[in-house]
Amino acid sequence: EAAASEMKERIRLAIEKKLMEYPDNEHLKQQATLIHNAQITTIHSFCLSVIRDHFHAIDIDPGFRIGEEGELKLLRHDVLEDMLEEKYQEGSKRFLDFTAAYSTGRNDKKIEDLILKIYEFSRSYPDSEAWLDSYEIPDVKALEGSSIMKKVMTDIRKNLEDAKELLIYAENVALSPEGPAVYEATLEKDLQVIEELCNRASYKSLAEAFSNVKWARIAANKDKTVSEEKIDLVKKIREMVKGIVKNMSAQYFYESPEELVEDLRVCTPAMEELADLVRLFAERFEEQKRAQNMIDFSDMEQYALRILTQKTENGFVPSKIAEEYQKQFEEIMIDEYQDSNLIQEAILTSVSGCRSGRYNIFMVGDVKQSIYRFRLSRPELFLEKYSTYTSEESAHQKIELHQNFRSRDHILESINAIFYRIMTEKLGNISYTEDAALHPGAAFEERDGLDELKTELLLVDLSVQPQK
């Protein structure tokens, strides 16, 4: 809220400054009046205003308040405790099997934490019900198309690319002066193994390929002029590559895809029970909050979404109320877009003109500054637009903001020198190119000796245990 208020105040002062220069400018006079009622807010403040203006659409008392975190925590605990006590009294076999499998035996804390975690995660989705039902995987085809398998395949690809790069580096070492050139043939065979794995498109074919991995025996080096250090380095890199493949095999291919599907089928009753418990908790928790006439922060987004959209067979579409907002907003400008989540995206899209072909959303963000995944932000929303929008003038245009106005040029040069080398699409979801780099945009006052200062890079070795 403080940042939004500061931005509004800065805009107000800028308008007033211009108005002093041009006191007869009618447009500036109008803007000076309108700025006080301008919608310059956080996403939660916007959602709150939607709820207050349209409380009747979700049948909520207009005198609601925002609950304190302490009382919400106590309420969550009480609701969970009462709900689980009731389930124990009912004594259904599915529930008792679930608790036997996932409880520690001494208390229900582990189950409570699991219910709360999935509840919170589901609330970041526009259609939390559909997400809670997305666990069913009846066959290998469904497994291949599941969201979890897409993440698994992405991780496998990244690891295989790492293995490939390591082998290429080892080959360069082997062919360098005093290098063990006799290892080249073996390294080439190793590369063929990795290439064969990379070429497999599906999880099922990858599982087959991983089960057939065989490494060539490394040739003996009889050349006494070869560097022992380089021999050891090549062997070490080769063992690292084998370790990568072995770890992936143990993590993702410990059984056949068919056996994995069968294991998931066995888990289905437990998943059904967990999903039902999350739904029941969500229902009871909302009932209790409404009884005490309060809402929490996730309610702000959920209630605003209910007001602004309606669910159809083809997904969510703007409601009549959202259509009124569409007429009100000429432009929608979103800052820190890399920290948006799916439900915020649905809310802001609903009040835009995008559905009718009037693309009036302007987003500013930097995926390199995305630090709120733990709050369920989705930087992939930013990345999808960054990779598909064009630099040419169009309805979906990308404008690169190259200049940095906060730091002196020698600091920016040092930062760029590091990130050109280490930030890749694999590491940071974006390649650090000239377009992504920081370029000086401000002129700073010269100070004696300041330009001669050098930046200092401090590296912390986390593998070293601190002395007690």
Side-chain angles (χ1 to χ4, degrees), residues 153-201 205-206 209-253 368 409-439 454-465:
M153 293 294 283
T154 298
D155 188 59
I156 291 170
R157 300 287 178 216
K158 287 180 178 179
N159 276 282
L160 289 174
E161 283 299 318
D162 287 344
K164 189 175 177 180
E165 288 176 10
L166 282 169
L167 287 172
I168 291 171
Y169 175 63
E171 202 168 38
N172 289 335
V173 172
L175 296 176
S176 66
E178 298 183 359
V182 70
Y183 294 164
E184 182 189 8
T186 305
L187 293 170
E188 278 296 323
K189 290 177 182 177
D190 292 345
L191 273 169
Q192 288 173 14
V193 170
I194 300 301
E195 288 287 358
E196 172 62 22
L197 294 174
C198 287
N199 291 335
R200 298 300 179 104
S205 63
L206 260 175
F210 265 88
S211 67
N212 293 321
V213 166
K214 290 183 176 59
W215 301 103
R217 190 183 179 90
I218 197 163
N221 176 66
K222 297 179 181 179
D223 188 346
K224 302 300 182 184
T225 65
V226 171
S227 164
E228 287 294 330
E229 185 179 344
K230 291 188 176 182
I231 289 174
D232 291 341
L233 179 57
V234 171
K235 286 183 176 180
K236 185 177 179 180
I237 292 172
R238 192 164 183 260
E239 289 305 311
M240 286 173 63
V241 170
K242 287 183 180 180
I244 289 172
V245 173
K246 183 178 179 181
N247 289 339
M248 280 194 291
S249 185
Q251 186 173 1
Y252 297 128
F253 303 103
K368 299 188 296 299
D409 53 359
H410 64 280
I411 294 174
L412 299 180
E413 287 170 7
S414 300
I415 292 169
N416 288 336
I418 295 167
F419 282 97
Y420 277 139
R421 290 166 171 78
I422 68 171
M423 185 171 282
T424 63
E425 195 165 342
K426 285 194 299 179
L427 178 65
N429 292 319
I430 192 169
S431 296
Y432 202 84
T433 62
E434 275 292 317
D435 288 335
L438 302 170
H439 303 285
K454 294 182 179 180
T455 53
E456 185 178 0
L457 176 65
L458 302 178
L459 299 176
V460 179
D461 187 350
L462 296 177
S463 65
V464 178
Q465 294 296 321

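Numbering of residues begins at 1 and proceeds along the displayed sequence.
Going from atom CD of E228 over to atom CD of E178 covers 11.5 Å, rounded to the nearest 0.5 Å. In this structure, L457 CG and I418 CD1 are separated by 4.5 Å, a value rounded to the nearest 0.5 Å. Considering NZ of K164 and CG of D190, their distance stands at 14.0 Å, rounded to 0.5 Å. Rounding to the nearest 0.5 Å places CD of E188 at 6.0 Å from CD of E184. If you take CD on E161 and CG on N159, they are separated by 10.5 Å, rounding to the nearest 0.5 Å. Distance CZ/R238 to CG/L167: 8.5 Å, rounded to 0.5 Å.
Taking F253 as the reference, Y203, F210 meet the ring pair (Phe, Tyr, Trp, His ring centres under 6.0 Å) condition, with sequence neighbours excluded. Among residues two or more places apart in sequence or in another chain, the salt bridge (charged side-chain N to carboxylate O under 4.0 Å, His left out) test is passed with D232 by none. Applying the ring pair (Phe, Tyr, Trp, His ring centres under 6.0 Å) test to Y420 and every residue at least two apart in sequence or in another chain returns Y432.
Within the 3.5 Å criterion, the main-chain N or O of T433 finds no donor-acceptor partner in the side chain of S431. In this structure, the side chain of K189 does not engage the main chain of I218 through any donor-acceptor pair within 3.5 Å. N416 places a side-chain N or O within donor-acceptor distance of the main-chain N or O of L438, the cut-off being under 3.5 Å. At distances below 3.5 Å, not a single donor-acceptor pair connects side-chain atoms of S249 with backbone N or O atoms of K246.
Contact detail for L187 and A174: the closest heavy-atom pair is CD1-CB, 4.1 Å. Taking all atoms of both residues into account, the shortest heavy-atom contact from A181 to L175 is CB-CD2, 4.3 Å. The heavy-atom pair separating A163 from I194 by the smallest distance is CB-CD1, 4.0 Å. Taking all atoms of both residues into account, the shortest heavy-atom contact from A436 to K368 is O-NZ, 3.4 Å. Considering every non-hydrogen atom in both K230 and S176, the closest pair reads NZ-OG, 2.9 Å. The heavy-atom pair separating I237 from A170 by the smallest distance is CG2-CB, 3.8 Å.
Side chains of V241 and V193 form no contact here, defined as non-hydrogen atoms less than 4.5 Å apart. Contact annotation: the side chain of L206 approaches that of M153 to within less than 4.5 Å [non-hydrogen atoms, C-beta and beyond]. The closest side-chain heavy-atom distance from I231 to N221 is below 4.5 Å. For the pair T154 and K158, the minimum side-chain heavy-atom distance is below 4.5 Å.
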Show, in sequence, the C-alpha distance, side-chain angles and deciding distance for D155 and Y252, and conclude whether the side chain to side chain contact (heavy atoms under 4.5 Å, CB included) test is met.
CA-CA 10 Å; D155 188 59; Y252 297 128; 2.7 Å; yes
Worked verdict on T455 versus I415 for side chain to side chain contact (heavy atoms under 4.5 Å, CB included)
CA-CA 9 Å; T455 53; I415 292 169; over 6 Å; no
List the steps and the verdict of side chain to side chain contact (heavy atoms under 4.5 Å, CB included) for V460 and L462.
CA-CA 6 Å; V460 179; L462 296 177; 3.9 Å; yes
Yes or no on side chain to side chain contact (heavy atoms under 4.5 Å, CB included) for L160 and M248, after CA distance, side-chain angles and deciding distance?
CA-CA 9 Å; L160 289 174; M248 280 194 291; 3.6 Å; yes
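Remark: E165 CD is packed, more than 12 non-hydrogen atoms of other residues, nucleotides or ligands lying under 6.0 Å away.
Taking a cutoff of 4.0 Å between a charged side-chain nitrogen and a carboxylate oxygen, K235 and E239 do not qualify as a salt bridge.
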